[in-house]
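Sequence positions, counted from 1, serve as the residue numbers for this chain. Worth knowing before you read on, the calculation uses all heavy atoms, side chains too, and leaves out hydrogens, waters and symmetry mates.
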Amino acid sequence: MTFKKQISSKGLPIFIIGAGGIVNTAHLPAYKMAGFNVQGIFDIDDNKANATADKFSIPHVFGNMQEMLAHTQPDAVFDIAVPGAQTIPVIEQLPAHCSVLLQKPMGENFDEAKRILKLVRQKKMNAGINFQLRYAPYILAAKELIDQNKIGELNDIEINVNVYTPWHLWDFLFTSPRLEILYHSIHYIDLIRNLSGNPASIYAKTTKHPAMPQLASVRSNIIMDYGEMMRANILTNHCHIYGLPKQQSYIKMEGSKGAVKINFGALIDYPRGAADSFEYILMEECAQWQEKKIEGSWFPEAFIGSMEQVMLAAEGIIDRPDNSVEDCIHTMACVEAAYRSSEQGGIKPEVL
Ligand SMILES: NC(=O)c1ccc[n+]([C@@H]2O[C@H](COP(=O)([O-])OP(=O)(O)OC[C@H]3O[C@@H](n4cnc5c(N)ncnc54)[C@H](O)[C@@H]3O)[C@@H](O)[C@H]2O)c1
């Protein structure tokens, strides 16, 4: 598989819908780094829109969607980061043929994902989903080694997260019927698909935790089945309350000629985070583990990549975003399969 390098495409005017946490901490800092042209913002909460516009020097703040749409030209790129339930009503208001980046997940379940896909197809939009882990600088570095055939054919991907995530910070999670896979492991499912294509099937068990019984499942084991010769496993425990020493979060890829291990720090000691590291071994070169310094991280730098894909497609430089709704619907299908596998349960051992 060949992974396209990021190509710069900066000029198109971006209009943001939603001025909440993720826009302030990731979208706008990333766009500033990339030199993207953010022209306007709208939030149903005027104070948030104004505060965000002040902080990031955004020239236009709109009082409602109609005002925003009256101002935009056909080259506008919309960037929607509203709560999941608001995504479809916002898309419905956007003009046909427009370009738009939608925050993940793509709806709250597979039915909603299919409704989003249908709407985008009907309106002939150029639409991408913000599954941005694919574009984190350490992932781009690993893809470069894969592209250059330095680690050979991939036969093992393991993502292992053992951290404490303060889920109580997100009120909406207390009423959400689905939690860990839909809001978190979805990034890893999407990444594995991005590296290895669609799996033949999914096995999963997603589990609640006795200390937070009011929440849906908060820990997951997911096996993405790529046949006999490939292992792709995601293991997450967000309930490790026993301090930092044993907290870990890594992505390990093994190929026929080498391997990469990325320790990613975003989730460690949350929200403080820890440093990332990128280690690799190439058997045809020095056959020893080495460390490479990577500039930037998942938050916020990866957010450049997901927006850049939509802009490149808007300019006709690529046919469609790598993170298009047409591609990301398969990530949602995997999420649905994981929940269904977990509900169905495993094979019961015979009682003797
Ligand atoms: N890709 C990621 O890694 C990632 C990380 C965090 C959140 N998210 C997603 O981003 C979205 C926003 O999350 P957040 O943490 O910023 O939430 P938030 O609650 O902080 O912000 C949402 C904002 O949207 C505004 N809003 C609500 N309905 C609106 C509408 N119809 N039109 C305009 N504005 C509207 C709210 O007033 C609020 O300011 C969610 O869908 C969430 O799942 C993605």
Report task. Could you note down all residue pairs passing salt bridge (charged side-chain N to carboxylate O under 4.0 Å, His left out) where residues 330-345 supplies at least one of them, sequence neighbours left out? Result -> Arg178-Glu336

Query raised in the report: Taking atom CD of Glu153 as the centre, does the number of heavy atoms from other residues, nucleotides or ligands within less than 6.0 Å exceed 12?
Result: no

Query raised in the report: Among all residues two or more places apart in sequence or in another chain, which pass the ring-ring contact (aromatic ring centres under 6.0 Å, His included) test with Phe299?
Result: Phe303

Report task. Any pair with a residue in residues 47-64 that passes salt bridge (charged side-chain N to carboxylate O under 4.0 Å, His left out), sequence neighbours left out, goes on the list, sorted by first then second residue, please. Result -> none

Report summary line: So ring-ring contact (aromatic ring centres under 6.0 Å, His included) across residues 86-134, not counting sequence neighbours, yields none

Requested in this report: Classify the angle between the aromatic ring planes of His187 and Trp298 as parallel (below 30°), tilted (30 to 60°) or perpendicular (above 60°).
Outcome: perpendicular

**Report entry** Pairs touching residues 65-91 that satisfy ring-ring contact (aromatic ring centres under 6.0 Å, His included), sequence neighbours left out
**Finding:** Phe15-His71, His60-His71, Phe62-His71

Below 3.5 Å, can you tabulate the donor-acceptor pairs from side chains in residues 344-352 to any protein atom, sequence neighbours excluded?
none

Query raised in the report: Has Gln122 got more than 12 heavy atoms of other residues, nucleotides or ligands less than 6.0 Å from its CD?
Result: yes

**Report entry** Where at least one partner belongs to residues 264-281, residue pairs that pass side-chain hydrogen bond (donor to acceptor under 3.5 Å, both in side chains), sequence neighbours excluded
**Finding:** Asn263-Ser277, Asp276-Ser297

Query raised in the report: Which ring-ring contact (aromatic ring centres under 6.0 Å, His included) pairs, counting each pair once, include a residue from residues 212-261, with sequence neighbours left out?
Result: Trp167-His238, His184-His238, His240-Tyr242

Requested in this report: Decide yes or no on salt bridge (Lys or Arg N to Asp or Glu O under 4.0 Å) for Lys252 and Glu254, but give the supporting numbers first.
Outcome: CA-CA 7 Å; Lys252 179 172 63 68; Glu254 297 188 10; 2.7 Å; yes

Query raised in the report: Are Tyr188 and Leu235 connected in the hydrophobic side-chain network, where two residues link if heavy atoms are under 4.5 Å apart?
Result: no

Query raised in the report: Between Asp327 and Arg193, is there a side-chain N and carboxylate O pair less than 4.0 Å apart?
Result: yes

**Report entry** Intermediate values then yes/no, salt bridge (Lys or Arg N to Asp or Glu O under 4.0 Å), Lys150 and Glu144
**Finding:** CA-CA 9 Å; Lys150 294 220 166 147; Glu144 204 170 308; over 6 Å; no

Query raised in the report: For residues Tyr135 and Asp322, is any side-chain donor paired with an opposing acceptor at under 3.5 Å?
Result: yes

Query - Gln39 versus Asn37, side-chain donor and acceptor atoms under 3.5 Å - result: yes

Report task. Can you run down the side-chain hydrogen bond (donor to acceptor under 3.5 Å, both in side chains) pairs that involve residues 78-94, sequence neighbours left out, and say none if there aren't any? Result -> His27-Asp79, Tyr31-Asp79

Query raised in the report: Is it true that the side chains of Gln73 and Asp75 contain a donor and an acceptor less than 3.5 Å apart?
Result: no

Report task. Sorted by first residue and then second, give each salt bridge (charged side-chain N to carboxylate O under 4.0 Å, His left out) pair with at least one member in residues 158-171; sequence neighbours left out. Result -> Glu158-Arg231

Query - With sequence neighbours excluded, residues passing side-chain hydrogen bond (donor to acceptor under 3.5 Å, both in side chains) with Ser185 - result: Glu180

Query raised in the report: Are Tyr203 and Met229 co-members of a hydrophobic cluster defined by side-chain heavy atoms under 4.5 Å apart?
Result: no

Query raised in the report: Would a distance-only check, ignoring hydrogens and angles, find a side-chain to backbone donor-acceptor pair under 3.5 Å from Lys143 to Arg134?
Result: yes

Requested in this report: Return each pair, listed once, that meets side-chain hydrogen bond (donor to acceptor under 3.5 Å, both in side chains) where at least one residue sits in residues 108-117; pairs must be two or more places apart or across chains.
Outcome: Glu108-Tyr183

